[in-house]
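Below is one structure, written out as structure tokens; the observations come after it.
Owing to the predicted nature of the structure, the values given are computational and were not obtained by experimental measurement.
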Amino acid sequence: MTDPVKSETNEFAWGPATGVGSMPGGDAREAANTVTGSFEGFPHLPELPARGPGSDMIGRTLGLLVEMYAHVEPSGWRISDRPGRDTRRARSWLGEDLDALEEFTQGYEGPLKVQAVGPWTLAAALELRGGESVLADPGACRDLAASLAEGLRAHLAEVRRRAPGAQVVLQLDEPSLTAVLRGHVRTASGYRTHRAVDRQIVEGALRELIAEEQTVVHSCAPDVPFALLRRAGAAAISFDFQLLTERDEELIGEAVEGGTKLFAGVVPSTDAALSDPAGSVMGVRTLWRRLGLNPGTLAESVVITPSCGLAGASPAYARAALAHCARAARSLADNPE
């Protein structure tokens, strides 16, 4: 096993590289074998959305909710009065994925990441009974966040039971977070957008979820709200490195100096020609120099990942991309300058 990296500013032992979440195909054992073989120091629970509704990231997370249910409509996922076929399917597939992960992590001791959709992306995606987004109803947003928190506690307890030696990391996927904050989420009609949610409300809901767990927040959208996520208590922030702009750089520097881990998505998430591993992390090294940060802190501050999930990649490319992340992380550690 690769030794996880222990940060001086954070006693939690992080691995050098990991995946974001989704993988192509529908074979849970094959996906678990690929992920654990690629990331001996920081595997994650694969998601396989190609199997259909309920295995997608929204459906899987809805299956975790407590006393709140959903079913699939032509327009997407909608709240139900009781658990139905779609909920049962989501829970069944998650059980299959956990079985496979348990098989391939026997005796594993180190960080292990599981993913769930965060409360604001979930609220933007889930419909009320009338067809409008949960985001339109502040009370429904609060109920959804509370149900999600309870469901995640049970889910993480189950993961710890199956992998008792692992240090479980929770990743909250929030690709719609910036749109929620800016009022860019469209209504059901498509002609209007929902009102922007107050930043303090957004931050508070995230803080309540993050407080109990070692949590990474992931967004592969532009303009990740780094400062808000840090205030909410995120131990790490996961993002597409290619989408960073100059105005993000100061926030990145503050995050690093404050001990926040960066999950840098530097490897394309769909089929593309891969550069040499050193070339893939050249931008990270350059950013470090531009910010005046100590190159010696790179290995303890950065985890290398694909830019987003790999569901849209070919199986061969997905395997190559994960292996490339691991090699790029070694290059960064061996040659930080």
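The pair E158-R161 meets the salt-bridge criterion, with a side-chain N (NZ, NE, NH1 or NH2) lying under 4.0 Å from an Asp/Glu carboxylate O. Salt-bridge formation is detected for the pair R51/E96: a Lys NZ or Arg NE/NH1/NH2 atom is positioned less than 4.0 Å from an Asp or Glu carboxylate oxygen. Under the 4.0 Å criterion applied to side-chain N and carboxylate O atoms, E257 and R230 are not assigned as salt-bridge partners.
Using a 4.5 Å cut-off between side-chain heavy atoms of Ile, Leu, Val, Met, Phe, Trp and Tyr, with links allowed through other members, V20 and V217 fall into different hydrophobic clusters. By the rule that hydrophobic residues join a cluster once side-chain heavy atoms approach within less than 4.5 Å of another member, V302 and L243 end up as members of separate clusters.
In this model, a donor atom of one side chain and an acceptor atom of the other lie less than 3.5 Å apart for H194 and E132. Side-chain polar atoms of H184 and T193 form no donor-acceptor pair below 3.5 angstrom. For the 3.5 Å distance criterion, the side chains of E174 and S219 fail to qualify, holding no donor opposite an acceptor. S280 and H324 are linked by a side-chain donor-acceptor pair at a separation below 3.5 angstrom, with hydrogens and angles left out of the test. Side-chain contact, S301 with W288: no donor N or O sits under 3.5 Å from an acceptor N or O.
Here CG of L152 is found 7.5 Å from OG1 of T61. Values are rounded to the nearest 0.5 Å. Distance check, rounded to the nearest 0.5 Å: CG of L112 to NE2 of H44 gives 10.0 Å.
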Which donor-acceptor pairs under 3.5 Å do the side chains of residues 98-106 make with protein atoms, sequence neighbours left out?
from: D99; atom 1: OD1; to: R162; atom 2: NH1; distance (Å): 2.8
from: D99; atom 1: OD1; to: R162; atom 2: NH2; distance (Å): 3.2
from: E102; atom 1: OE1; to: R162; atom 2: NH1; distance (Å): 2.9
from: E103; atom 1: OE1; to: R29; atom 2: NE; distance (Å): 3.0
from: E103; atom 1: OE2; to: R29; atom 2: NE; distance (Å): 3.4
from: E103; atom 1: OE2; to: R29; atom 2: NH2; distance (Å): 2.5
from: T105; atom 1: OG1; to: L101; atom 2: O; distance (Å): 2.7
from: Q106; atom 1: NE2; to: E102; atom 2: O; distance (Å): 2.9

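The side-chain heavy atoms of Y108 and T36, taken from C-beta on, include no pair separated by under 4.5 Å.
Checking L209, T121, V117, V216 one by one against L172, the side-chain contact (heavy atoms from CB on, under 4.5 Å) holds for a single residue, L209.
Within the 6.0 Å centre-distance limit, the rings of W14 and F263 are counted as a close aromatic pair.
Residue pairs meeting the salt bridge (Lys or Arg N to Asp or Glu O under 4.0 Å) criterion with at least one partner in residues 247-256, sequence neighbours excluded, are D223-R247, E249-R290. Counting only residues at least two apart or on different chains, the salt bridge (Lys or Arg N to Asp or Glu O under 4.0 Å) pairs with a member in residues 304-320 are E30-R319.
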